[in-house]
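Naming convention: chains lettered A, B, ... in sequence-line order (proteins, then strands); numbering from 1 in each chain.
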Amino acid sequence: MTDSADNQTLDYSKTLNLPQTDFPMRAGLPKKEPELVARWQEMDLYRKLRDDAKDRPRYVLHDGPPYANGNIHIGHALNKILKDVITRSFQMRGYDSNYVPGWDCHGLPIEWKIEEQYRAKGKNKDEVPVNEFRKECRDFADHWIKVQSEEFKRLGIEGDFDNPYTTMNFHAESRIAGELLKFAMSGQLYRGSKPVMWSVVERTALAEAEVEYQEYESDTIWVKFPVAEFDEEKFHRIRDRKTTELEKRFEVGEGAYAEQAGHVTEDMLDVVAQLRDASILIWTTTPWTIPGNRAVAFAKLNIAYSLYEVAEAENDFGPQPGEKVVIADRLADGCAEKAKLKLNRLAKVDNILLECLTLAHPLKGLAGGYEFDVPLLVGSHVTEDAGTGFVHTAPGHGREDFDVWMERAPLLAARGIDTMIPFTVDDAGYFTKDAPGFGPDREGGPARVIDDKGKKGDANKVVIEALIAADRLFARSRLKHEYPHSWRSKKPVIFRNTPQWFVHMDMDLGDDTTLRSRALKAIDDTRFVPAGGQTRLRAMIEDRPDWVLSRQRAWGVPICVFADEDGNVLKDEAVNARILEAFEEEGADAWFAEGAKERFLGNEHDPAKWTQVTDILDVWFDSGSTHAFTLEDRPDLKWPADVYLEGSDQHRGWFHSSLLESCGTRGRAPYDTVITHGFTMAEDGKKMSKSLGNNVTPQDVMKDSGADILRLWVMNTDYWEDQRLGKAILQTNIDAYRKMRNTIRWMLGTLAHDEGESVEYADMPELEKYILHRLWELDNVVNNGYEAFDFKKISRQVHDFMVLELSAFYFDIRKDALYCDAPSSKRRKAALQVVHHIFDRVVTWLAPMLPFTMEEAWLSRYPDAVSVHLEQFRKCPPEWRNDDLGSKWKKVRQVRRTVTGALEIERKEKRIGSSLEAAPFVHVTDDALRAAIEDVDMAEISITSGISVSPKPGPDEAFTIPEVPGVAVVPALAKGTKCARSWRVTQDVGSDPEFPDVSARDAAALHELKALGKL
RNA sequence: GGGCUGGUAGCUCAGGUGGUUAGAGCGCACGACUGAUAAUCGUGAGGUCGGAGGUUCGAGUCCUCCUCGGCCCA
């Protein structure tokens, strides 16, 4: 476009080197990003990255596998973005940083989905051959792996998506089984037992999520447990604080109870004589669990107990006057009422006395059984809400009962008590031989707890009759309460002791270590980011019970061992080899195939003597083994990994299981560093939930704003803690993105005029040297930041650098030189060179964080380049470092601030518009500041047309700012004429007759351009 | 209830070993430019540092309690 013919002046804008670029101001990421994903895919960027780095040291972040059962949510996005930034940054810092994504495929949730589909079709899972069912689970997982894979790629995640690892591919299944067999061969695997929720109707174990609570009427009974013994020595040990190590650990311990122990007095013993012919009273809603009773739990401190005597009884059966029972004071009246009698309180029974008591089983002697001692155990679950203040403890029939029992197992064993948990009920609900008098030895056959239709059997009845016959029943009643039912059959379930496979935490592994001690040592040897993770994982490992590997399930890797009657595992390498080979070829389905038992046992072992275990491995064992079949087995990775990164919930999960698996088989952790991130909350800091409508999905963000926006959010957040995400927060990041994008855009536009002429550092103006110094400083921040995984520090400092030092300072100042200077201008060439340095660094530094935008920018500058992601971070030469310049220019900027502040007043008063209309007087009385600006062209730096500096104090009315003492500014208009080309007001406008409306500098530039034929 | 962890301007974050009027960017308000233009530049207003005690000459920073939130257990 040309000006109208009568305008005699040139359109000088055409003689300027104004920014020129196709790089759009508006990103259009939702459209642009998928194009880049396709581009990377097409050029096989992943392969190029590997080839490019093949001789570099490896850096391996091992992927914690997401579960393959649905679209990704914000947590997945956060997790993968963090991982991606780490792998990309290490790749660009000189490593071969190979990321292999993985998926967790086995387990309950997928089984449920398939079952759900069955139900919709009216099919029954139990009628489908197990391997057919497993096939459907496999296909289901496959589907979601594909979906998530695409979603991750769309987020800009770079990795080997064509060859990911999965826990269900045949090799993985074989190796997982192999890891299990290592535990078996080293004796760490053992068969124990544990109560599980069991549906008699369906003959299957149920997980907590598979039961629903419905109202149910239970028989309730109050039962007397006669006191058998009082351990006076133990009483004195407590009084004298001389308890054994075991007692200290499990009973007395430190703290409140120890405090109480200090108040133990001899007169507490007064009641003991009366206790000897008394009973402890318990209450239960499951009379059929009495044969399984092994202990009685009481409260350590908070419940007051007393000895009561029956004063009068309404009935001539049941408890009669003179009988003595111990009950919690607050519950005594209720018990008396139920038994229809009156109680007299005889004496307080101190909790410490209870600690020293041993009871007899109420059915002692029945059918020759129940001869064992029944200990009283401290239980934190005991309350005064209902019952007697004493809790009947049948470790095979309740979770808390089991926990209390197992926790005290070493102490009990020391007391000569058999800690074996009896299997009193079989899978059909019948009593077994472990319930003498009620099982097969009973006249008329075993009693039954629940029948095939889910109705109550005769178990409660016969147990209550036996208690009456033994005169141990105190009272009976019925109770309506919420009771667990199978969500499929809607029938009541029972807690039933079942055989399970465990891994010892405290078995000596032959080198004076145990799995626990090895794991604790490994935690000490691991770097945790943030550091708190170490404490958290340590606390869990210190406390945890043995590792239960069994799941009574179908979709998973089987616990592929053979056991004899006593639970001893067959240890034969030849058998193992056959199993692993078969799994490698056919997958773990081979275990469930027809004739598997004979096939694997071979000729050497009698199938009749060995039972094939059909339990499935806990999926945590699968994922705990990923290091084995991924890090060890892939030649392009390494073991151990440099880093694992997951949400903080994985202290209980993957970090934990990987640690135990690896310590059990290899003696150390499979990682050197563990990084954890927090959870993503809604904008108000509360959990996101669909029902509240405050959830943000990565799909929505990508569709509306782009993956780079989501990535920028991750970069700007403190991911070590919980983060917040919502509309306003997203907008903040969109704004920050735009600012950075525009700054890059300006550089691209400016560099369009870069002819690649390099300028030596020594030949550069000081302003350029200052910026290079800042670049050098930033280089350290960036590298240290990536090293410390502190991304917000990097993104923040790079952002602020771009905003404060480039956009608002350096670029603003240099626009005049870059736009207006002659082609030969050294100042201009130096500036171009510096912008070039800045561009290359800033764009590569940000490439791991904003891979789409930086790729777009890189290709815009270097159209022949393959990808920014194949670049390395540019080094900053040591000569760029110049601390003196750094501090000097800080001062220069202080003076500049005062000048711009003064100009703002002028602007307000409408005396100037552009700063180029001004030529202020600057009075600098501060020596340091004056020295700093002595050889600096302050007019250039302040973007004014002139400036006068004086060491004398300014007049009273001069402009000052309190932050910069010693500087006073008196504004003044620039003298001269506005140059039509550069808009600066100078006194040499018109000095060149050929270009009468421009300044001398601009006239010279025009002459040069003319000579070059560019005018 | 237990273990770990957090609450600094509207938003996101800085604030070694306690020490002058608590910082930054964004957003917001106002202004300038119109040769980075749905951009750019400048100026400004925003905070009882979750609350209450305590230690100290002095606490956002140390201690105790409370409160709200998160993850994992029970």
Let me know which of A:Arg981, A:Arg827, A:Arg814 forms a salt bridge (charged side-chain N to carboxylate O under 4.0 Å, His left out) with A:Asp821. A:Arg827
Reckon A:Thr900 has a side-chain N or O less than 4.0 Å from the OP1 or OP2 of B:C41? no
Using the P atom in both, what is the distance from B:C28 to B:C11, to the nearest Å? 15 Å
Would you mind classifying the nucleic acid contact of A:Ala736 as base, sugar-phosphate or nothing, using non-hydrogen atoms under 4.0 angstrom? nothing
Shortest side-chain distance from A:His799, nucleotide among B:C26, B:G35, B:U40: B:C26
Taking the P atom of each, how far is B:A36 from B:G47, in whole Å? 36 Å
Say you pick atom P in B:C63 and the same atom in B:U55; how far apart are they, in whole Å? 15 Å
Assign A:Ala728 to base, sugar-phosphate, or nothing according to its heavy-atom contacts below 4.0 angstrom with the strands shown. nothing
Answer for the Watson-Crick or wobble partner of B:C49, both distances under 3.5 Å, is none
Which is it for B:G46, anti or syn, if anything within 90° of zero counts as syn? syn
Among B:A32, B:G25, B:C11, which is the nearest nucleotide to the side chain of A:Leu804? B:G25
Given that both distances must come in under 3.5 Å, which nucleotide forms a Watson-Crick or G-U wobble pair with B:G16? none
Parallel, tilted or perpendicular: rings of A:Phe789 and A:Phe791 (30°, 60°): perpendicular
Tell me what A:Ser915 touches on the nucleic acid: a base, only sugar-phosphate, or nothing, going by heavy atoms under 4.0 Å. nothing
Using the C1' atom on both, measure B:G18 against B:C71 and round to a whole Å. 31 Å
Distance criterion of 3.5 Å, no angle test: do you see the side chain of A:Lys815 paired donor-to-acceptor with the base of B:A36? yes
Short side-chain donor-acceptor distance under 3.5 Å, A:Ser982 and A:Tyr12: no
Between A:Phe809 and A:Lys686, which has a closest nucleotide on RNA chain B that is more 5'? A:Phe809
Which nucleotide in the list B:G3, B:A32, B:C13 gets nearest to the side chain of A:Arg796? B:C13
Mind checking if A:Met681 touches a base, just sugar-phosphate, or nothing, with heavy atoms under 4.0 Å? sugar-phosphate
Give a yes or no on whether the ring-centroid distance for A:Phe811 and A:Trp746 is below 6.0 angstrom. yes
Ignoring the backbone of A:Met540, work out which of B:C13, B:A36, B:C72 is nearest its side chain. B:C72
Pull out every residue in residues 18-28 of chain A that has a heavy atom closer than 4.0 Å to any atom of RNA chain B, ordered by number, or say none. A:Leu18, A:Met25
Is the phosphate of B:C26 approached by A:Tyr737 (side-chain N or O, under 4.0 Å from OP1 or OP2)? no
Whether the side chain of A:Arg724 and the base of B:C11 hold a donor-acceptor pair under 3.5 Å is what I'd like checked. no
A:Asn716-A:Ser795 side chain donor-acceptor pair, cut-off 3.5 Å: yes
So which nucleotide does B:G44 pair with, by the Watson-Crick or G-U wobble rule with both distances under 3.5 Å? B:C28
Return the pairing partner of B:A38 with a 3.5 Å limit on both distances, Watson-Crick or G-U wobble; otherwise return none. none
Among B:C30, B:C41, B:C33, which is the nearest nucleotide to the side chain of A:Lys908? B:C30
From C-beta outward on A:Tyr12, which listed nucleotide comes closest to its side chain: B:U37, B:G35, B:U12? B:G35
When the P atoms of B:A52 and B:U61 are compared, how many Å lie between them, rounded to an integer? 12 Å
Have a look at A:Arg981 and say if it touches a base, only the backbone sugar-phosphate, or nothing, with a 4.0 Å heavy-atom cut-off. base
Have a look at A:Gly913 and say if it touches a base, only the backbone sugar-phosphate, or nothing, with a 4.0 Å heavy-atom cut-off. sugar-phosphate
Name the residue closer to the 5' end of RNA chain B, choosing between A:Trp983 and A:Gly901 according to the nucleotide with the nearest heavy atom. A:Trp983
Let's test this: given Watson-Crick or G-U wobble pairing with both distances under 3.5 Å, identify the partner of B:G1. B:C73
Ring geometry between A:Tyr644 and A:Phe655 (parallel below 30°, tilted from 30 to 60°, perpendicular above 60°): tilted
Looking only at B:U12, B:A14, B:U5, the nucleotide nearest the A:Glu721 side chain is B:U5
Selected nucleotide, minimal atom distance to A:Asp649 side chain, candidates B:C13, B:C72, B:U34: B:C72
Rounding to an integer number of angstrom, what distance separates B:G46 and B:A39 when you compare their C1' atoms? 26 Å
Distance check, C1' atoms only: B:C72 and B:C65, in whole angstrom units. 25 Å
Hey, does A:Leu16 reach any base, or is it just sugar-phosphate, or nothing, if we go heavy atoms under 4.0 Å? base
Side-chain H-bond candidate by donor/acceptor type, A:Arg984 with A:Ser999, under 3.5 Å: no
For the residue pair A:Glu646 / A:Asn79, report whether a side-chain donor-acceptor contact shorter than 3.5 Å exists. yes
A:Arg893 charged N/C atom sitting above A:Phe809 aromatic ring, 6.0 Å / 45°: yes
Determine the Euclidean distance between corresponding P atoms of B:G23 and B:U67; express it in Å to zero decimal places. 33 Å
Looking at the side chain of A:Arg907, which of B:G70, B:C11, B:G31 is the nearest nucleotide? B:G31
Closest to the A:Asp735 side chain, choosing from B:G42, B:C26, B:U12: B:C26
Under 3.5 Å, is there an N or O donor on one side and an acceptor on the other linking the side chain of A:Thr750 and the base of B:A36? no
Result of checking A:Val998, A:Leu916, A:Asp997 against A:Cys979 for side chain to side chain contact (heavy atoms under 4.5 Å, CB included): A:Val998
Any side-chain donor near an acceptor of the partner, A:His753 and A:Arg828, under 3.5 Å: no
